[in-house]
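Notes follow the structure.
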Amino acid sequence: MFVQEQQEIEVRIRAYCAEQGIPLNEIKWSALPFSGEWGISTSFFAAAAAEARSGKSVNVPQRAQEIAEQAAGLIRNVAGIARVEAIKGYLNLYFETPIYARRVVDAVLEQGRDYGRGAPKGERVMVEYAQPNTHHSFHIGHARNVVLGEALARLVEFAGFETIRASYPGDLGLGVITVLWAYNKFYKGQEPQGVHERGQWLLKIYVEATALLEPKENETPEEKAQREAYEAERREMYRKWDAGDPEVRALWQMTREWSLEELRDILRLLDVKIDVWFFESEVDEPAKQIVEELIARGIADDERPSGGAVIVKIDEKLGLTKEKYRTNVILRADGTTLYLTKDLALAKIKFEKFGVDRSIYVVDVRQSLHFQQAFAILRLMGFPQAEKCYHLGYGFVSLPEGAMSARRGRVVLFKDVIDDAVRRALAVESAKAPDLDEEQRRQVALQVGLGALVYSMLAVDNNRDMVFDVDQALSFDGRTGPYIQNAHVRANSILRKAGQIPQQAAFTHELTAHEVTLIDLLARFPETVQQAAGEYRPLVMANYAYDLANAFHSFYHSVPVLQSESESTRAARLRLVAAARQTLANALALLGITAPEVM
RNA sequence: GCCUCUGUAGCUCAAUGGAUAGAGCACUUGACUUCGGAUCAAGGGGCUGCGGGUUCGAAUCCUGCCAGAGGCGCCA
């Protein structure tokens, strides 16, 4: 934001240090850590320590303070700097607030929705997320995946990357076949009405089927015979599916579509627009080709002649002596492909067909070894993009009563949580905003309910496991989505009453600490976007959004806007409120949370 | 056996080598005839799992333990 001034100061400090023979490396600026103060600071410990290492006998903290004092002397008369201080080895620069306040607020209002957007980086990135299996219903664990992936996609896009959103549902495998078998045997021809009813029904069938197929303790000979008969039927179903039996394929297509309909509805609810759909069933053939390619190129070893599988000895091929990536099977002895094989084929498609430079996988952390192996094999295959493949793993979501288990039907369905969230939001809303019409009330309740849920999932670092507690996830008080949305609503409310936003304002009034804190945060938004995107961490933006809302709420309470003491102060504060509203909206948008006008 | 992640206030979590380790929830107290109280202001609450080390400086990096979770060639 203040690049020119900062550079001028750096030049002076560098020139001085060079003259004095002080070994100064880089000058790292950071924001002043004092609340209500606005400026930047740097420290000289590194330079002092370097002197100490070079043989001079110096007390490092003392020497750092000396250098800071001397540096402070150089900056007494720089335009835009109101005050300079050297303290405890730090050099603190306090900004001249009228100049900077105006500059920040003008920039936000000029750029509007684009405030904070990074310059194009000339790189294409694909974010793969939303990979639930079909023939199940969408639960709260899947929601963490989608919420995280969407926030990440929005962040990298806004930061300047050309971004492609990809979904990769698992639409084949034993779980899918199990549902087909049970449906065909017990429910053939039936079909519940309603998108979510159908999706959830498939899960019920799966749970029932699993119970029938699982060995029980102390089972009687009859029970055992029954179970084995079922098992044989399921195997037969798998065989028919594999052989492309038209009837089984049609059944598969129909039920698969039920699941995908539900998935699409949930994505629509979360405002997720997937650009490219990959299906596991569609990469099966390319995967088999990859196997041949890897054998031909000497990367994979074919042990089929001796009754084995096709394997890649990754460590050996990379020349590693210590066990790291180990050895992995890429084709079973029976000639069928595996998850890893398909991911290799899919990566090749991403690189070659979609021209992806950088590939991010938002997948459960339990698969981190799998992705390390996949990336290592991609390196062996010579893809330069392999270096820019990144697995964003996230901890799994469990329930207060223990791990979720689709097999046992012990899951919390996303749809149920959302319905609950809307109910709760409606209850609060009818007390807080009684004059909304029915349609608007419904819409706001959905925005607020979703805001609470989404924020609760983004406010925990991705590598941590999470226990999903409904009351906590759907809380509207404190550090929550609705708290941030409410700041936006309040800002909006002031501006609505004001009628219009003044075209310009000089910030010449005495700024309160609350105003300074708020403007400081607004100024930091662009760099926060870059940090969050660069580290692939939506949490960084989630924290920022809360801090900004918090600063606004405090400002709101203690600083009058519409009843400011003078017209010029009123104009400045109105523009500040407008800038805060805009930045809150931009930050929320990056998290995938809508910013309502009223609530 | 090997590898990865986690351990911070009563609870849920921030803080990725810098200044006095911060929020929310819960608890106590105060603030609506004034821009919306889904809010604000204030208070108590800490051996950052334990021991060593590196550094001017460590919750953060290294190392050894302890505790929890996860992963490790024909599941996905």
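Chain letters run A, B, ... following the sequence lines, proteins first and then strands; every chain starts at 1. Values in this document were obtained by computation on a predicted structure and should not be read as measured data.
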Respond yes when some side-chain nitrogen or oxygen of [X] is under 4.0 Å from OP1 or OP2 of [N], and no when none is.
X: A:N550; N: B:rC40; answer: yes
X: A:Y394; N: B:rC5; answer: no
X: A:R464; N: B:rA14; answer: yes

Quick one: label [X] by what it contacts on the DNA or RNA (base, sugar-phosphate, nothing), any heavy atom closer than 4.0 Å.
X: A:V577; value: nothing
X: A:A459; value: sugar-phosphate
X: A:S30; value: nothing
X: A:E535; value: nothing
X: A:R326; value: base

task: Could you verify whether a donor N or O on one side chain and an acceptor N or O on the other, from A:T528 and A:Q531, lie under 3.5 Å apart?
output: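 Not at all, the side chains of A:T528 and A:Q531 share no donor-acceptor pair under 3.5 Å.
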Just name whichever nucleotide pairs with [N], Watson-Crick or G-U, keeping both distances under 3.5 Å, else none.
N: B:rC2; answer: B:rG71
N: B:rU63; answer: B:rG51
N: B:rU33; answer: none

